[in-house]
Amino acid sequence: MKGWMGKTKLFFVFTLLAFFLAGCGMENLTALDPKGYGAEKSMDLIILSTLIMVGVFIVVMLIYVIVLIRFRRKKDQEDHVPKQVEGNHKLEVIWTVIPIILVLIIAVPTVLATFDLADDSKAEELINVNVKGNQYWWHFEYPGEEIQTSQDLYIPTGERVYLHMLSSDVIHSFWVPSISGKMDVNAENVNTMYIEAHEEGVYWGKCAELCGPSHSLMDFKVIAVSPEEYDQWVNDMQNVDPDAEPENAVAQEGQELFEAKNCMGCHATDSAATGIEAGKINAPVGPNLTNFGSRSNVAGVLEHDKEHLVDWLLDPESIKPGNKMTGQYDELSQEEAESIAEYLLQLQPSEITPESAGN
Amino acid sequence: MSHDHSIDPKNMPKDPSKATTEGKYKFMGLWIFLGGETVLFACLFGTYLALKDSAAGGPTTQELYGMGLVFLMTILLLTSSLTSVYAIYHMKNNDFKKMQLWMGITALLGIGFLACEIYEFAHYIHEFGFTFRSSAFGSAFYTLVGFHGGHVVFGLSWIIALMVRNSKRGLNLYNAPKYNTFALYWHFIDVVWVFIFTVVYLMGMVS
Amino acid sequence: MSMTSAQKSGFGATLWDWLTTVDHKKIGILYLAGGGFFFLLGGLEAVIIRIQLISPENNFISAGLYNEMITMHGTTMIFLAAMPILLGLMNFIMPLQIGARDVAFPFLNSLGFWLFLFGGLLLNLSWFTGAPDAGWTNYAPLSIQSPGHGIDFYVMGLQLSGAGTLMGGINFIVTIVLMRAPGMTYMRMPLFTWTTFVASILILFAFPALTVGLFLMMFDRMFGSAFFDAALGGNAVIWQHLFWIFGHPEVYILILPVFGVFSEVFPTFAKKRLFGYTAMVFATFLIAFLGFMVWAHHMFTVGLGPVANSIFAVATMAIAVPTGIKIFNWLFTLWGGSIKINSAMLWSLAFIPSFTIGGMTGVMLASAVADYQYHDTYFVIGHFHYVIVGGTVFGILAGLHYWWPKMFGRYLNEVLGQISFWTFFIGFHLTFFIQHFLGLMGMPRRYWVFLENQGLDTGNLISSIGAFFMSFGVIVFLINIIYTTIKGKKAPGDAWGSGRTLEWTISSPPVHYNFKQLPLVRGLDPLWIEKMEGNEKMTPAEPVDEIHMPNGSILPFIMTIGFTIASYGFIYQTGNKYWLIAVFAGMAIALICMLIRSLKDDHGHHISKEELERVGD
């Protein structure tokens with residue numbers, strides 16, 4: 001009997017836990033399960049303000065329920081005239097002063113956290129990344145390391161990485177909920193923020209400012225790897241040979257098509273980026289494809305396989321309406337698209353990939 | 001309580017502009033409206049201040065502005081505000097002819113101001129190639145000063161229409177508030193210009 | 001034969017009457033009808049949005065159309081539905097509450113309405129050629145780069161209706177300051193009149209910022225200026241500042257009047273005077289004042305820096321204090337009262353928990369660092385629907401049920417009223433509560449699709465189901481209006497039997513001059529005072545005498561048509577300069593109307609003593 005009860009209890013606790021976790025959303029996307037410095041700071045304030053506000057709500061509801069139970073007009077009271085009360089100074093003072101105190105309890109940590117997250121005094125000694133937002137993709141340049149990449153931002157865990165962000169067209173907003181709150185990416189001024197991931201992982205990033213038809217498809221990833229893996233990745237990316245011939249014949253054909261169909265006009269396959277400085281942001285017309293084979297998704301949202309890549313190459317408009325690639329290249333046949341896909345998918349200059357981050 | 005306002009000029013009260021409820025409503029309504037206008041100009045000033053240094057390679061404030069003409073314009077508009085005070089003074093004494101005379105002088109001074117402004121704009125466009133489209137500074141400058149100029153144009157049309165309409169029939173309780181509200185509006189335009197003179201021209205020449 | 005022709009001329013005369021009316025009550029009804037129409041349109045757009053988001057990666061409508069849908073939903077609901085309906089209530093009720101026979105500027109009142117209506121129609125005409133698609137906040141540079149004429153319609157439509165609203169605001173301020181009945185001192189004014197007054201002040205100081213923003217947007221899009229063009233030194237953040245300097249006071253323009261409605265409904269149905277009247281008035285002013293210094297809390301993520309963010313965060317939190325004062329004063333109005341629950345009261349009672357939740361999340365949003373997570377996500381969507389639907393819409397419905405007998409002489413049906421209340425109320429919480437969590441789980445706002453397997457499916461499904469409940473509630477309310485118009489129970493002057501303010505001292509619906517004799521006000525809740533002293537009606541403040549009333553005029557209508565033609569011209573002259581003809585023609589029509597208005601004497605008309613005595617009370 002007791003064992004049965006115990007099991008039920010355990011079962012109950014686990015269901016509740018599962019339900020709660022499911023209710024928190026997907027790991028590495030949800031802000032409710034913070035895994036970075038900024039997200040933790042935000043979460044602390046979210047919890048603090050929620051607790052205080054729920055307290056206020058309970059008080060209001062208590063009075064509300066009492067009022068509704070005790071003071072309903074009864075059948076025999078139709079002509080009853082209640083006492084006309086003008087007000088009560090003591091009560092007015094109470095419900096003015098207590099909220100002021102509660103607000104102060106939220107205000108002080110808010111101000112401290114605001115200044116903490118805006119602190120860029122140590123930026124120069126740490127890793128800096130130039131971020132460029134474009135309709136509808138992201139570009140990342142590492143001025144200190146003289147490399148660049150697109151869509152997947154690699155960072156080491158446990159270190160602050162400073163992002164200097166600018167837009168090449170309309171306003172975007174850089175948001176990786178599990179690691180940090182968001183910051184707008186404007187066209188006329190560089191905004192700086194820092195992110196710091198506590199553990200390895202592939203974190204979903206979203207554009208959070210309406211930027212056109214494919215606003216909801218402008219996803220990107222932050223790939224947090226161990227500092228050693230990060231160093232290796234940087235090293236690999238610095239030593240890419242862009243002219244390397246692919247091993248298999250289909251991919252070689254793809255490479256030729258890549259040049260013949262004018263893909264090179266917008267897409268680089270070389271990660272070298274010399275002469276860039278933190279905050280001085282310039283970006284190519286299209287995403288850099290140096291490590292395309294290691295991307296976590298095709299076009300930010302599709303599964304990363306040949307089939308989806310071919311779909312994208314054949315008709316990008318149907319996947320991301322309003323994108324800037326549609327119509328910029330000669331039409332491809334199914335076969336040609338497959339060759340190019342074969343070529344692109346074998347572009348894997350580094351062993352450090354999203355899988356290195358643990359998922 | 002009498003509702004039937006006598007519009008016979010012979011038994012006019014002192015200050016006919018406030019003798020009727022409609023007159024009071026109008027006067028207050030315009031005051032309130034000017035509150036909104038203040039916000040309008042404040043926003044335009046804010047925009048101008050944010051963009052005044054964004055010349056985008058075109059002429060800057062120091063290269064453009066000159067003291068002489070702007071000083072003349074200021075004198076013209078300030079004087080016109082004073083003459084409109086004289087006009088209202090005569091209205092309160094029921095002296096229609098003198099009121100029309102001083103309102104006429106006010107309008108002439110306003111036209112003089114407007115002529116200077118048109119000359120100024122033409123000068124910038126032809127001598128400096130400084131236009132509404134040449135830079136964010138250009139857009140902000142012409143919008144702020146142009147909005148003020150537009151107000152002057154509206155004020156002038158208003159007073160000229162009033163003077164023509166009433167030239168034959170003289171002052172009465174129905175039209176007196178209209179003159180009064182015009183005068184208030186005209187003072188507002190003057191005050192805005194004082195700010196433009198300071199914020200746009202003086203500060204522009206210094207910095 | 002003669003019958004039909006008589007009816008026809010009857011219809012023509014009625015139409016002419018409504019087109020030319022300057023009666024504040026008729027204009028109020030026009031506002032309610034116009035606003036109601038746009039409310040249904042906006043609601044339809046909302047349902048389409050929720051159908052698109054009912055399942056992941058849905059393809060019910062295209063991405064471009066979706067952006068048009070969200071833009072038009074927001075714009076329509078704020079500018080063309082919520083605000084006009086409130087202006088309608090203010091127009092109808094406020095002059096009655098202060099014992100006035102009309103507003104200070106009846107002509108302007110009519111012009112304001114027509115400008116709103118044609119502005120709204122102009123905006124919605126864009127559906128035929130492509131609606132605006134940059135969100136209701138219309139941020140540059142997305143709005144500058146948006147192809148087609150959608151944004152141009154947005155700019156011109158809002159410019160027109162905004163001008164109309166500004167006129168309404170000025171009109172109400174002057175009316176309240178100068179036209180109160182004898183004895184109606186400021187501190188004897190009903191709370192709804194107070195909130196109308198304060199909301200009007202907000203309109204006066206907030207709308208010009210929008211006017212300027214729209215002008216700059218218009219110049220950039222149509223005449224090649226460079227305000228928001230980074231390449232020529234422009235700065236798109238200026239738009240955000242101007243928009244929110246207007247936009248934040250705007251949300252108080254939406255909520256303060258309904259605070260007034262609740263402050264009328266609670267005392268009437270609890271038979272108890274408003275608790276802490278003075279505190280309520282000061283809290284209203286404080287909210288309005290603070291409302292002007294917090295606009296940048298919509299811009300915490302723009303990169304204004306920690307100093308600005310901190311200041312605006314703390315200022316925003318401060319608003320919780322006066323709002324809290326109001327909530328507690330309402331609760332203590334009910335405390336010790338004799339509470340009768342009907343539809344009007346249900347909407348008001350439902351407001352308290354709903355709005356309190358909206359206020360809670362408001363304080364949470366004010367914490368800048370927490371807002372880095374909330375900003376531009378469904379958390380924000382949840383928050384502002386809790387205050388705008390849970391506050392403004394509940395308040396509007398409470399006000400409509402409460403004043404319907406006064407406005408139309410018939411009670412809304414109680415059974416239908418309760419059905420629509422419960423479905424709408426349940427649907428509302430289903431739709432919006434879950435959205436707070438969706439936002440934190442990583443769903444940004446204005447997303448055409450959300451991806452599969454991101455834990456967002458269930459929440460969105462629940463939200464969409466809620467939207468259907470809400471739609472059902474609205475449909476039942478419409479049926480109620482039709483039913484009431486045909487078969488509704490007739491209402492006496494003091495329709496609820498426990499009215500406290502001046503509007504309940506006159507017949508339902510009121511005669512067009514409202515008061516045969518202006519009443520003498522002897523204190524707060526003047527009717528209640530008379531009732532408690534056993535008087536059947538108000539003591540008149542004047543003998544029966546001729547009443548001076550303004551004349552109707554068709555000029556506001558024609559003037560508005562002129563402005564609308566000119567707006568159309570502005571929109572299309574970018575492509576073809578011949579459209580400039582429409583600009584000049586439209587402007588000429590409007591200016592000629594102004595000139596006629598200015599130069600043609602209009603002394604109004606008088607209602608004779610004999611006629612007044614014939615009508616009786």
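Quick note on labels: first sequence line is chain A, next is B, and so on, each numbered from 1.
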What heavy-atom pair brings A/Ile106 and C/Ser367 nearest, and what distance separates the two atoms? CG2-CB, 4.4 Å

Please name the pair of heavy atoms, one in C/Tyr372 and one in A/Ser42, separated by the smallest distance, quoted to 0.1 Å. CB-OG, 4.5 Å

I would like to know whether C/Leu451 and A/Trp204 meet side-chain contact (heavy atoms from CB on, under 4.5 Å); could you show each step before the answer? CA-CA 12 Å; C/Leu451 301 182; A/Trp204 281 82; 3.9 Å; yes

I'd like to know whether NZ of A/Lys74 has more than 12 heavy-atom contacts from other residues, nucleotides or ligands below 6.0 angstrom. yes

Does A/Phe115, at its CZ atom, have more than 12 non-hydrogen atoms belonging to other residues, nucleotides or ligands within less than 6.0 Å? yes

How long is the gap from OH on C/Tyr447 to CE on A/Met218, to the nearest 0.5 Å? 8.5 Å

Distance (rounded to the nearest 0.5 Å) between C/Met360 CE and A/Thr50 OG1: 7.5 Å

Check each atom of A/Ile66 against the heavy atoms of chain C and say whether the ones under 4.5 Å are side chain, backbone, both or neither. side chain

Go through C/Leu334, C/Ile325, C/Leu456 and name the one with the most non-hydrogen pairs under 4.5 angstrom from chain A. C/Ile325

Taking every non-hydrogen pair under 4.5 Å, which of C/Gly439, C/Ala63, C/Gly442 racks up the most with chain A? C/Gly442

Tell me, for A/Leu117 versus chain C, whether the close heavy atoms (under 4.5 Å) come from the side chain, the backbone, both or neither. side chain

What part of A/Met183 gets within 4.5 angstrom of chain C, counting heavy atoms only: side chain, backbone, both, or neither? both

Looking at C/Gly276, C/Gly497, C/Gly64, C/Ser146, which makes the most heavy-atom pairs under 4.5 Å with chain A? C/Gly276

Side chain / backbone / both / neither for A/Lys83 at chain C, heavy atoms under 4.5 Å: backbone

Check the pair A/Thr114, C/Asn309 against side-chain hydrogen bond (donor to acceptor under 3.5 Å, both in side chains), reporting the backbone distance first and the verdict last. CA-CA 7 Å; A/Thr114 307; C/Asn309 280 2; over 6 Å; no

Whether A/Arg73 side chain and C/Ser338 backbone form a donor-acceptor pair below 3.5 Å: yes

Heavy-atom distance under 4.5 Å to chain C: side chain of A/Val54, backbone, both or neither? both

Taking every non-hydrogen pair under 4.5 Å, which of A/Arg72, A/Arg70, A/His89, A/Met43 racks up the most with chain C? A/Arg72

Contact winner vs chain C - A/Asp33, A/Asp184, A/Thr30, heavy-atom pairs under 4.5 Å: A/Asp184

Quick one: does C/Lys271's side chain have a donor or acceptor within less than 3.5 Å of a partner on A/Glu78's backbone? yes

For the pair A/Lys182 (side chain) and C/His375 (backbone), establish whether a donor and an acceptor sit closer than 3.5 Å, ignoring hydrogens and angles. yes

Once rounded to the nearest 0.5 Å, what's the spacing between atom NE2 of A/His172 and atom CG of C/Leu142? 9.0 Å

Under 3.5 Å, is there a donor on one side chain and an acceptor on the other for A/Lys41 and C/Gln373? no

Residue from A/Ser178, A/Pro321, A/Gly87, A/Ser216 scoring the most non-hydrogen pairs under 4.5 Å with chain C is A/Ser216

Take a 6.0 Å sphere around CZ of C/Phe433 and say whether it holds more than 12 heavy atoms from other residues, nucleotides or ligands. no

Could you tell me whether a side-chain N or O of C/Asn67 sits under 3.5 Å from a main-chain N or O of A/Gly212, the two making a donor and an acceptor? yes

Contact class of A/Val67 relative to chain C, heavy atoms under 4.5 angstrom: both

Looking only at heavy atoms, what is the nearest atom pair of A/Ser49 and C/Tyr374, with distance? OG-OH, 4.4 Å

Interchain contact, C/Tyr139 with chain A, by part (heavy-atom threshold 4.5 Å): side chain

Side chain, backbone, both or neither: which part of A/Ser180 has a heavy atom under 4.5 Å from chain C? backbone

Calculate, to the nearest 0.5 Å, the distance between atoms CE and OG1 belonging to C/Met364 and A/Thr110 respectively. 11.5 Å

Please look at A/Leu91 and chain C and tell me whether the side chain, the backbone, both or neither of the residue comes under 4.5 angstrom of a heavy atom of that chain. side chain

Which heavy atom of A/Met26 sits nearest a heavy atom of C/Asn453, and at what distance? SD-O, 3.1 Å

Would you please indicate yes or no on a ring centroid separation below 6.0 angstrom for A/Trp95 and C/Phe332? yes

In Å, rounded to the nearest 0.5 Å, how long is the span from CZ of C/Arg446 to CD of A/Glu209? 6.5 Å

Under 4.5 Å heavy-atom distance to chain C, tell me which part of A/Asp119 shows up: side chain, backbone, both or neither. neither

Let's test your reading of the structure: which of A/Asp44, A/Asn88, A/Asp116, A/Val56 forms the most heavy-atom pairs below 4.5 Å with chain C? A/Asn88

Please indicate whether C/Glu452 has more than 12 foreign heavy atoms, meaning atoms of other residues, nucleotides or ligands, lying under 6.0 Å from its CD. yes

What part of A/Leu217 gets closer than 4.5 Å to chain C, counting heavy atoms only: side chain, backbone, both or neither? side chain

Top contributor to chain A interface from C/Val237, C/Leu349, C/Ile357 [non-hydrogen pairs under 4.5 Å]: C/Leu349

If one checks every heavy atom of A/Glu86 against chain C at 4.5 Å, the contacting part turns out to be both

Is the backbone of C/Val302 close enough, under 3.5 Å, to the side chain of A/Asn191 for a donor and an acceptor to pair up by distance? yes

Can you give me the closest heavy-atom contact between A/Glu188 and C/Ala230, atom names plus distance? CB-CB, 4.0 Å

Here the pair of heavy atoms bringing A/Pro213 nearest to C/Trp448 is O-CE3, 4.4 Å

Please flag which part of A/Gln135 lies under 4.5 Å from any non-hydrogen atom of chain C: side chain, backbone, both or neither. side chain

Heavy atoms only, distances under 4.5 angstrom: which of C/Ile144, C/Val307, C/Asp133, C/Asn329 has the most pairs with chain A? Name it, please. C/Asn329

Measure the CG-CE distance between C/Leu331 and A/Met61 for me, rounded to the nearest 0.5 Å. 7.5 Å

